[in-house]
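Report on the structure given below.
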Amino acid sequence: MFPSISSGSLGALVPTIRRMLSTIDDLAESRDFATFGTVGEEVSFSPLTHELMRSEDMGSVQVRIVRPGVSVAKEDGSRSVVQKALVTSL
């Protein structure tokens, strides 16, 4: 179904992928995008900045970050959430 990829050829792609990620990070930073939250961090839930993984977790006060969120700077200096951080209840 899928073509076979040897570990050697896959390993050869790693430097290229790292360069691509670095370029994407640089572009995002130049456009004033930034991530917020650290994977594994335990924080108070905020519906403005967090998205629950499961609806059963509604009402959770403390949550754990599964995926950081993304924000962008606005002209007035404040930040706007582009992608909420994905969280799960503790």
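All figures in this text were calculated on a predicted structure; none of them were measured in a lab.
The line from NZ of K84 to OG of S46 is 8.0 Å long, rounded to the nearest 0.5 Å.
Scanning for salt bridge (Lys or Arg N to Asp or Glu O under 4.0 Å) contacts around D25 gives an empty result, with sequence neighbours left out. Residues satisfying the side-chain contact (heavy atoms from CB on, under 4.5 Å) test with R54, not counting sequence neighbours, are E56, D57, T88, S89. I17 pairs by the side-chain contact (heavy atoms from CB on, under 4.5 Å) definition with L13, L21, not counting sequence neighbours.
Linking Ile, Leu, Val, Met, Phe, Trp and Tyr whenever their side-chain heavy atoms come within less than 4.5 Å puts V70 and V72 in one cluster.
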Mind listing the side-chain donor-acceptor pairs of residues 29-38 below 3.5 Å, one per line with the distance, residues two or more places apart or on another chain?
unit_1	atom_1	unit_2	atom_2	d
S30	OG	L27	O	2.7

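Heavy-atom minimum distance, H50 versus S44: CE1-O, 3.3 Å.
Between the side chains of R19 and T16, at least one donor N or O lies within less than 3.5 Å of an accepting N or O.
Within the structure, the salt bridge (charged side-chain N to carboxylate O under 4.0 Å, His left out) test picks out the following pairs touching residues 63-77 (sequence neighbours left out): E42-R64.
The other members of the hydrophobic cluster of V63, by chain and number, are V43, F45, L52, M58, I65, V87 (side-chain heavy atoms under 4.5 Å, ILVMFWY only).
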